[in-house]
Amino acid sequence: MRRALVVCGLLLVVAVAPAAAQVSGGTRHPVPHQQQITANPLGPMVGWGNAEYERKLAETWSIALGGSYVSREFFGEYASAVAALRFYPQGAVLTGFYFGPRFGFFRIYEDHEHSLGAGFELGYAWLLGASRHFSIGVGAGATHVFTGHGLPVLRLVNLGWAF
């Protein structure tokens, strides 16, 4: 599991570094959209999926609600429903670097457990196109489930629509 977290962290750094180098200053223009829906289109092919709804609260804060399922091949079979509070330090919610806490409900299938959990995530999101509706996002983090499990948070190549 540690090896997988290290690989995911390296993938995130490789994906974010070129984009961060292109941003001058660090402040971005605010996004006209108030919310977005995203999902991982490739994950279900390998037994791993997630979908999220994110809503702007202020120019630097948003709340995201999501669900995910991971099959046994990765980190053990589990499903989750979570809420995340995201901080965008550059002042443009829904695009750019973000980080923040996440809380949720988890079902660990192999142990027949249901539990609450808390964790942390960080990521990067792009809004593309002339009207900046098309969303691409990557992210990673970790969650501690209160029954003693540690689970990765992976948001690899989520695609979506901002509106």
Side-chain angles (χ1 to χ4, degrees), residues 1-20 35-58 60-90 92-127 134-162:
M1 183 164 151
R2 287 183 185 170
R3 184 180 307 159
L5 289 174
V6 169
V7 168
C8 291
L10 290 174
L11 286 172
L12 180 64
V13 169
V14 169
V16 172
Q35 54 205 340
Q36 70 179 350
I37 295 174
T38 63
N40 182 337
L42 304 175
M45 290 186 260
V46 293
W48 176 10
N50 71 312
E52 288 184 345
Y53 168 77
E54 186 174 5
R55 175 124 181 115
K56 181 190 285 190
L57 298 175
T60 56
W61 290 96
S62 73
I63 188 166
L65 304 173
S68 64
Y69 172 80
V70 175
S71 68
R72 192 174 310 277
E73 291 85 28
F74 289 99
F75 305 102
E77 189 174 15
Y78 72 91
S80 67
V82 300
L85 188 61
R86 293 182 176 154
F87 176 65
Y88 289 80
Q90 71 282 351
V93 169
L94 305 180
T95 186
F97 176 75
Y98 66 85
F99 63 91
R102 54 191 290 117
F103 307 93
F105 181 75
F106 296 82
R107 178 172 183 202
I108 313 295
Y109 288 97
E110 57 196 40
D111 295 336
H112 306 289
E113 294 178 344
H114 296 84
S115 181
L116 296 175
F120 188 82
E121 69 174 339
L122 59 95
Y124 201 92
W126 295 266
L127 287 176
F134 184 70
S135 173
I136 299 176
V138 296
T143 298
H144 175 73
V145 179
F146 298 139
T147 57
H149 291 85
L151 299 173
V153 173
L154 300 172
R155 188 173 189 253
L156 298 176
V157 194
N158 270 31
L159 302 179
W161 193 256

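Side-chain atoms are counted along with the backbone in the values below, which use heavy atoms only and exclude waters and symmetry mates. By convention here, the first residue in the shown sequence is residue 1. The structure displayed is predicted, hence computed values, not measured ones.
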S.K.: If every non-hydrogen atom of Ala84 is compared with every non-hydrogen atom of Arg102, which pair is closest and at what distance?
M.R.: CB-CB, 3.9 Å
S.K.: When rounded to the nearest 0.5 angstrom, what is the spacing between CZ in Phe97 and CD in Gln90?
M.R.: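 Here the rounded value is 8.5 Å.
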S.K.: Would you name the heavy atoms of His114 and Thr147 that are closest together and state the gap between them?
M.R.: O-CG2, 4.5 Å
S.K.: How far apart are the C-alpha atoms of Val145 and Glu113, what are their side-chain angles, what is the distance that settles it, and do they pass the side-chain contact (heavy atoms from CB on, under 4.5 Å) test?
M.R.: CA-CA 10 Å; Val145 179; Glu113 294 178 344; 5.7 Å; no
S.K.: At their closest point, which heavy atom of Leu127 faces which heavy atom of Ala162, and how far apart are they?
M.R.: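 Answer, listing the atom of Leu127 first, then Ala162: CD2-CB, 3.8 Å.
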S.K.: Which pair of heavy atoms, one from Thr38 and one from Ser135, lies closest together, and at what distance?
M.R.: CG2-OG, 3.9 Å
S.K.: Taking only residues two or more places apart in sequence, or in another chain, which ones meet Pro41 in a side chain to side chain contact (heavy atoms under 4.5 Å, CB included)?
M.R.: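 With neighbours one apart ignored, the set is Leu159.
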S.K.: Out of curiosity, Ile37 CD1 to Trp161 CH2, how far, rounded to the nearest 0.5 Å?
M.R.: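 Between atom CD1 of Ile37 and atom CH2 of Trp161 there are 12.0 Å.
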S.K.: Using the test side chain to side chain donor-acceptor pair (under 3.5 Å), find all partners of Thr143 that sit at least two apart in sequence or belong to another chain.
M.R.: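 Not a single residue meets the side chain to side chain donor-acceptor pair (under 3.5 Å) criterion with Thr143.
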S.K.: Listing request: all salt bridge (Lys or Arg N to Asp or Glu O under 4.0 Å) pairs with a residue in residues 78-89, at least two apart in sequence or in separate chains.
M.R.: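 Output for this query lists Glu52-Arg86, Glu54-Arg86, Arg86-Glu121.
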S.K.: With sequence neighbours excluded, what pairs up with Asn40 under the side chain to side chain contact (heavy atoms under 4.5 Å, CB included) test?
M.R.: Leu42, Asn50, Asn158
S.K.: Return the set of residues passing side chain to side chain contact (heavy atoms under 4.5 Å, CB included) with Phe146 (not counting sequence neighbours), or none when no residue passes.
M.R.: Ser115, Leu116, Ala118, His144
S.K.: Suppose we screen for side chain to side chain contact (heavy atoms under 4.5 Å, CB included). Which residues come up paired with Ala81, at least two apart in sequence or across chains?
M.R.: none
S.K.: So, do Val93 and Leu57 sit near enough that their side-chain heavy atoms are less than 4.5 Å apart?
M.R.: no
S.K.: Tell me, do Phe99 and Pro89 make a side-chain contact under 4.5 Å, heavy atoms counted?
M.R.: yes
S.K.: Look up atom CZ in Arg107 and atom NE2 in His112, then write down how far apart they are to the nearest 0.5 Å.
M.R.: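 One finds 8.5 Å between CZ of Arg107 and NE2 of His112.
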S.K.: Identify the residue among Trp126, Tyr88, Tyr124 that makes a ring-ring contact (aromatic ring centres under 6.0 Å, His included) with Tyr98.
M.R.: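 Of the listed options, the one satisfying the test is Tyr88.
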S.K.: Roughly how far apart are Ile136 CD1 and Phe134 CZ, rounded to 0.5 Å?
M.R.: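 One finds 4.5 Å between CD1 of Ile136 and CZ of Phe134.
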S.K.: Do Phe87 and Trp61 have their ring centres less than 6.0 Å from each other?
M.R.: yes
S.K.: Just verifying a value: how many Å separate Ser71 OG and Tyr109 OH, rounded to the nearest 0.5 Å?
M.R.: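 Rounded to the nearest 0.5 Å, the OG-OH separation comes to 11.5 Å.
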S.K.: Are Val82 and Phe106 close enough that some pair of their side-chain heavy atoms sits under 4.5 Å apart?
M.R.: yes
